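This report concerns only the one structure given below.
What you are looking at is a predicted structure, and each value in this text was computed from that prediction instead of being measured. Proteins get letters first, then strands, A, B, ... in listed order; numbering begins at 1 in each.
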Amino acid sequence: MNTAQSNTASQSDFIREIIDDDLKTGKHEGRIATRFPPEPNGYIHIGHAKSVCLNFGIAARYGGTCNLRLDDTDPSGESLEYVDSIKDNIHWLGFDWGDRLFFASDYFERLYQFACELIKMGKAYVCSLNADEIREYRGNFTEPGKESPYRSRSIEENLELFTRMRAGEFEDGAHVLRAKIDMSSPNIVMRDPVIYRIKREPHYRTGAKWVIYPMYDFAHCLSDALEGITHSICTLEFENNRPLYDWIVEQLIESHRPQQIEFARLNLSYTVLSKRMLIELVEEGYVKGWDDPRMPTVAGMRRRGYTPRAIRNFCAVIGVAKNENLVDISVLEHCVREDLNETAPRAMAVLKPLRVVIDNYPEGKSEEFECANHPQKPEMGMRTVPFSRILYIEQDDFQENPPGKYKRLAPGQEVRLRNSYVIRYESIVKDQKSGEIVEVHCTYDAETRNGPPPDGRKIKGVIHWVSAAHAIPAEIRIYDRLFRVPDPAGESGDFKDYLNPDSLEVLSPCYLEPSFKDAVPGNAYQFERLGYFCADSGDFLPDRPVFNRIVALRESWVKNS
RNA sequence: UGGGGCGUCGUCAAGCGGUAAGACACAGGAUUUUGGUUCCUGCAUUCGGAGGUUCGAAUCCUCCCGCCCCAGCCA
């Protein structure tokens, strides 16, 4: 059993404890029903993934159900593109709602009827104050609100007006429907909240059929009730709305009332998880789209090469609680490495090439090495890697004046070429003008082909390489954190001022060992000593390979002075 | 300021009156043809603070302090 599964199975948190108690007391006759309710006005991100894992995870754990419900009660900004992306992303994460796909917009008629019922009970009224007036009448934290002059309209008048609102007889903002609760409630949410507004905007699903739309507070709880949800899990900022949730449900629902439970949303360091900010990054071109590999969106992480299992495990590892949190991105990266270490085949690639000539290796000769695809997993097989007189190594793997504990190639030094021979430094060739090192000359020790030097001398360094004559040129995109500061949303001023200018570095040409001729877009590999990379699912072409760096390997060696 | 929440290691997070789990990060060391992996070891005498109850308190009580959310016809 892998870590992700075992973690998920044994997971416990205050919500599961509540459910355990409910099960004990027979609260919902042993039935557990959750839902994941995104609004289709953007792509889902890692924060949503936490909620997806929670809601679907609970359903799975208790043999319950989890609905996917698109909470599409405000037509502005909503679209089918977002619906499709959300469905696709949830499936990719590894969850399935089966036939339990719902739309709040499918409930518009029933919600309308519920609103009429509320009016008939004398618990809702049409208010004709404008938006500014409603705000004024609402009062503030210290002063109670004032009752709207329209609060005492008769049921008949309310019904007639509401009917005419639906019929489209009024302009936007002319009237709203309000719940009649308590204008002096210390909880501002309860001061006669607006539950319907006029909005002459076509809806991506219902078209022009409706010109009035229910507000979240009215639609959400009733949608939950309509679907038989038992535990309606949402984030902390809705705590203030819970009394209203309960109030509406109590007025209109006889039995099987859903219960709202709030948990702390995820915050991740060095990125933003606010839909508004994410939209801004996409629309203003700071990134290349919702699936830009730097984005914390599910689509972005997918393209970057993060795996569903890594993301699920991350969600399990960070836990569910009510504390405001800022989870360090290193936890996510750890989960990604943990998964990829198990599954990614190893191979060699050189990002910043430096030519190496093996002086004592015959020109025109080449040979092949059988290399393991995974050092600890023989079942992952072998591949052949060609060797010849001219190679590329990493520029970082040679230094003319190396620091203290440098274990790579340097004057007077020997180094192991990974899976191949030990070579010894002989000389360098520099560019006359720039002084830049253009070529390193070495000699190889033919006796080190299959093992350590027979004379017993120790070789401490191992570096990766690619045979120049056989190399596949490629473009490699190195991604770094999107922001320079841990909490860009919490900084003063424009969050975009904190963008990391070096979040993308494009390297080309890089050289890959020839086994990459079979690389499959979307597949992840470990470029030994460098990190995990995946063939880009968007731009990869057989004759122009493009790879993304998913995450670097852990680096315990720090270059000091 | 009224209301609603939350304060346990640098960051997450267990703990539910019996004497501070775990993860990430960090620091050492071992093994290693990846400075990777793996494996050891260290890392909160103390739980926002102060009082109190108790044989015993992170857990119960009181007061105080700090942070977050709410004044959209967004969700």
Per the O4'-C1'-N9-C4 / O4'-C1'-N1-C2 angle with a 90° window around 0, B:G72 comes out syn
Would you indicate what A:E324 reaches in the nucleic acid, counting non-hydrogen atoms under 4.0 angstrom: base, sugar-phosphate, or nothing? sugar-phosphate
Say whether A:K199 and A:S76, considering side chains only, have a donor N or O and an acceptor N or O under 3.5 Å apart. yes
Distance between the C1' atoms of B:C43 and B:G51, in whole angstroms? 32 Å
Quick one: label A:P375 by what it contacts on the DNA or RNA (base, sugar-phosphate, nothing), any heavy atom closer than 4.0 Å. base
For A:M215, report the nucleic acid contact type (base, sugar-phosphate, nothing); a contact means any heavy atom under 4.0 Å. sugar-phosphate
Please enumerate all residues that pass side-chain hydrogen bond (donor to acceptor under 3.5 Å, both in side chains) together with A:R242, with sequence neighbours excluded. A:E262
For B:G10, which nucleotide is its Watson-Crick or G-U wobble mate, given both distances must be under 3.5 Å? B:C24
Not counting sequence neighbours, list each pair that qualifies as a salt bridge (Lys or Arg N to Asp or Glu O under 4.0 Å) and has a residue in residues 265-274 of chain A. A:E237-A:R265
Whole-angstrom distance between B:G4 and B:G15, as gauged at atom C1': 25 Å
Considering all heavy atoms, the nearest A:A115-A:Y196 contact: CB-CE1, 3.7 Å
Which base, if any, makes a Watson-Crick or G-U wobble pair with B:G2, both distances under 3.5 Å? B:C70
B:G48 and B:G22, which share atom name C1', separated by this distance in whole Å: 23 Å
Applying side-chain hydrogen bond (donor to acceptor under 3.5 Å, both in side chains), name anything that partners A:D328, two or more places apart in sequence or on another chain. A:S330
Using the C1' atom in both, what is the distance from B:C9 to B:C26, to the nearest Å? 12 Å
Going by number, which of residues 73-80 of chain A have a non-hydrogen atom under 4.0 Å from RNA chain B? A:T73, A:D74
Of all nucleotides in RNA chain B that come within under 4.0 Å of a heavy atom of chain A, which is furthest toward the 5' end and which toward the 3' end? B:U1 to B:A75
Across the strands shown, which category fits A:N130 at heavy-atom distances under 4.0 angstrom: base, sugar-phosphate, nothing? base
Pairwise P distance, B:U8 and B:C68 [rounded to whole Å]: 15 Å
Which pairs with one or both residues in residues 444-465 of chain A pass ring pair (Phe, Tyr, Trp, His ring centres under 6.0 Å), sequence neighbours excluded? A:Y361-A:Y444, A:F387-A:W465, A:Y421-A:Y444
If B:C63 has a Watson-Crick or G-U wobble mate with both distances under 3.5 Å, name it; if not, just say none. B:G49
Categorize A:F238 for me: base, sugar-phosphate, or nothing, with a 4.0 angstrom heavy-atom threshold over every strand shown. base
So A:R265, base contact, sugar-phosphate only, or nothing? Heavy-atom distance under 4.0 Å. nothing
How far apart are the C-alpha atoms of A:S105 and A:R205, what are their side-chain angles, what is the distance that settles it, and do they pass the side chain to side chain donor-acceptor pair (under 3.5 Å) test? CA-CA 7 Å; A:S105 53; A:R205 291 188 80 240; 2.8 Å; yes
Any base atoms under 4.0 Å from A:N325, or only sugar-phosphate, or nothing? Heavy atoms, all strands. sugar-phosphate
Watson-Crick or G-U wobble mate for B:C39, both contacts under 3.5 Å: B:G29
Taking salt bridge (charged side-chain N to carboxylate O under 4.0 Å, His left out) as the definition, give me every residue that meets it alongside A:R164, ordered by chain and number, with sequence neighbours left out. A:E160, A:E169
Who does B:A44 pair with, Watson-Crick or G-U, both distances under 3.5 Å? none
Give A:R554 one of three labels, base, sugar-phosphate or nothing, depending on what nucleic acid heavy atoms sit under 4.0 Å from its own. sugar-phosphate
Check each residue of residues 165-178 of chain A for a non-hydrogen atom within less than 4.0 Å of any atom in RNA chain B, then write out the ones that pass by number, or none. A:G173, A:V176
Please list all pairs passing the ring pair (Phe, Tyr, Trp, His ring centres under 6.0 Å) test where one or both residues lie in residues 169-193 of chain A, with sequence neighbours left out. A:F170-A:H175
Tell me if a side-chain donor or acceptor on A:T343 pairs with a main-chain N or O of A:D339 at a distance below 3.5 Å. yes
How far does the C1' atom of B:G5 sit from the matching atom of B:U41, given to the nearest Å? 40 Å
Apply ring pair (Phe, Tyr, Trp, His ring centres under 6.0 Å) to A:F102 and list each qualifying residue two or more places apart in sequence or on a separate chain. none
Considering every strand and a 4.0 Å limit on heavy-atom distances, what is the contact class for A:V320: base, sugar-phosphate, or nothing? sugar-phosphate
Sugar-phosphate only, base, or nothing, as touched by A:K275 at under 4.0 Å among non-hydrogen atoms: nothing
Counting the atoms with a prime plus P, OP1 and OP2 as sugar-phosphate, which does A:G451 contact under 4.0 Å by heavy atoms, base, sugar-phosphate, or nothing? base
Which residues satisfy the salt bridge (charged side-chain N to carboxylate O under 4.0 Å, His left out) test with A:R69, sequence neighbours excluded? A:D224, A:E227
Which residues pass the ring pair (Phe, Tyr, Trp, His ring centres under 6.0 Å) test with A:F314, not counting sequence neighbours? none
Let me spell it out: for each of A:N241 and A:D328, pick the nucleotide of RNA chain B with the closest heavy atom. Which residue's pick is nearer the 5' end? A:D328
Do A:D217 and A:Y245 get their side chains close enough for a donor-acceptor pair, meaning under 3.5 Å? no
NA contact type, A:Y406, heavy-atom cut-off 4.0 Å: base, sugar-phosphate, or nothing? base
Mind checking A:L530 for me? I need base, sugar-phosphate or nothing, with any heavy atom below 4.0 Å counting as a touch. nothing
Which is true for A:A321 with a 4.0 Å heavy-atom rule: it touches a base, it touches only sugar-phosphate, or it touches nothing? sugar-phosphate
Please state the P separation for the pair B:U31 and B:C40 - nearest whole angstrom. 15 Å
C1' gap between B:C74 and B:C69, integer Å: 16 Å
